[in-house]
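Beneath this line is the structure, given in structure tokens, with notes to follow.
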Amino acid sequence: MADLLGSILSSMEKPPTVGDQESRRKAREQAARMKKIQEEEKKKKAEFRKRMEKEVSSFIQDSTVQKKKYNPMSKIERSILHDVAEVAGLTSFSFGEDEESRYVMIFKKEFAPSDEELEAYRKGEEWDPQKAEERRRLRAALDAQSANQTETQTASPSSNYRDKYSHLIGTSAAKDAAHTLEANQAYGCVPVANKRDTRSIEEAMNEIRAKRLKRGEEERGATSSS
């Protein structure tokens, strides 16, 4: 019985010591501070969003401005501003290399930045539309000049075909060789003047008849001998 009572008493939670009470008090205080900090952060975000909504609304109503650049801000603030701009139908971008120097720019939809303008902001440069237009015109002029030079250039072979095939065509040009060509009678290549028939029609017909008569006599002689 005594052992049973002892086991029951030992299993019961012991009253907290002075050290445990102090630890619990500190934990409660820390939780209260964290809750207060979270509430303050939430309040700051709400106030910041309300201020951004007011500035964005003024920006939209001002017809004299096309874009607006903000000072560097934290990642959370940039996220809030991007969300406000999207809800308002604007275009927004973040620029800056370091986290401390990152800033947001908002643009009206009808004045959305070009790729060239965005590239200038990413490089940390100021955008000048007049200088950009001058650069585009100069680039177009250079491209047109280069295209004209390419069209007017005549293609020249890398080697002289006469030298390459001199063993076939000789050292003289084909046209020059044609003028100096001499007829080879062994192959029947004779000048046109030699091919012209100067006989009269009657003389030609008599010669044809004589050849026929001679051929007939030769055929009859061959038949009688057989």
Side-chain angles (χ1 to χ4, degrees), residues 25-164:
R25 183 184 64 81
K26 290 182 178 179
R28 287 194 298 270
E29 290 178 354
Q30 185 177 2
R33 285 196 300 268
M34 290 297 297
K35 184 178 181 181
K36 185 177 181 181
I37 291 173
Q38 291 175 353
E39 291 177 352
E40 290 177 353
E41 289 292 332
K42 186 177 181 180
K43 183 179 179 181
K44 288 180 180 179
K45 291 179 182 179
E47 292 176 351
F48 180 79
R49 185 181 185 91
K50 187 176 181 180
R51 180 159 56 89
M52 291 298 100
E53 289 175 348
K54 184 177 180 180
E55 291 184 8
V56 168
S57 177
S58 300
F59 168 73
I60 294 174
Q61 295 175 7
D62 190 351
S63 60
T64 62
V65 292
Q66 303 174 0
K67 58 188 176 182
K68 180 178 177 62
K69 178 180 178 181
Y70 286 84
N71 293 326
M73 58 182 64
S74 65
K75 184 176 181 179
I76 295 177
E77 291 174 338
R78 294 198 304 271
S79 177
I80 294 174
L81 180 53
H82 284 306
D83 185 60
V84 171
E86 183 179 1
V87 172
L90 303 176
T91 303
S92 62
F93 296 92
S94 292
F95 303 102
E97 296 293 334
D98 302 327
E99 183 63 28
E100 293 78 10
S101 62
R102 296 280 291 177
Y103 64 92
V104 176
M105 290 187 68
I106 59 176
F107 302 81
K108 294 179 179 178
K109 286 288 187 179
E110 60 270 25
F111 302 106
S114 62
D115 294 339
E116 190 177 4
E117 184 176 356
L118 290 175
E119 186 64 23
Y121 294 138
R122 292 190 182 102
K123 293 179 180 179
E125 301 174 355
E126 292 294 332
W127 172 251
D128 190 337
Q130 294 181 353
K131 291 183 179 180
E133 182 64 24
E134 291 176 0
R135 287 196 296 268
R136 281 194 292 268
R137 290 179 180 177
L138 179 60
R139 191 182 302 113
L142 293 175
D143 292 343
Q145 183 178 1
S146 177
N148 291 334
Q149 289 178 354
T150 303
E151 292 177 357
T152 54
Q153 286 179 351
T154 56
S156 58
S158 58
S159 61
N160 191 339
Y161 76 94
R162 293 181 182 178
D163 297 337
K164 186 175 182 180

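Keep in mind it's a predicted model, so treat the numbers as computed, not measured.
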With a 3.5 Å cut-off and sequence neighbours excluded, list the donor-acceptor pairs that the side chains of residues 79-97 form with protein atoms.
unit_1	atom_1	unit_2	atom_2	d
H82	ND1	S92	OG	2.7
H82	NE2	S94	OG	2.7
D83	OD2	R49	NH1	2.9
D83	OD2	R49	NH2	2.6

Extract all donor-acceptor atom pairs below 3.5 Å that involve side chains of residues 33-43 and protein atoms in other chains or at least two apart in sequence.
none

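More than 12 heavy-atom neighbours from other residues, nucleotides or ligands sit within 6.0 angstrom of CZ on R25. Open room surrounds CD on E126; 12 or fewer heavy atoms of other groups in view lie less than 6.0 Å from it. Residue D115 qualifies as open at atom CG: its count of foreign heavy atoms under 6.0 Å is 12 or below.
Listed by first and then second residue, the salt bridge (Lys or Arg N to Asp or Glu O under 4.0 Å) pairs that reach into residues 54-81 are R51-E55, K67-E117, R78-E99, sequence neighbours excluded.
Between K26 and Q30 the shortest side-chain heavy-atom distance does not fall below 4.5 Å.
Summarising the geometry of A112 relative to F107, their closest heavy-atom pair is CA-CB, 4.5 Å, with the distance given to 0.1 Å. Residues Y103 and M105 share a closest heavy-atom pair of CE1-CG, 3.6 Å.
One finds the NZ atom of K109 at 11.0 Å from the CD1 atom of I60 (value rounded to the nearest 0.5 Å).
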Start with the C-alpha gap between F48 and M52, add the side-chain angles, then the distance that decides, and say whether side chain to side chain contact (heavy atoms under 4.5 Å, CB included) holds. CA-CA 6 Å; F48 180 79; M52 291 298 100; 3.6 Å; yes
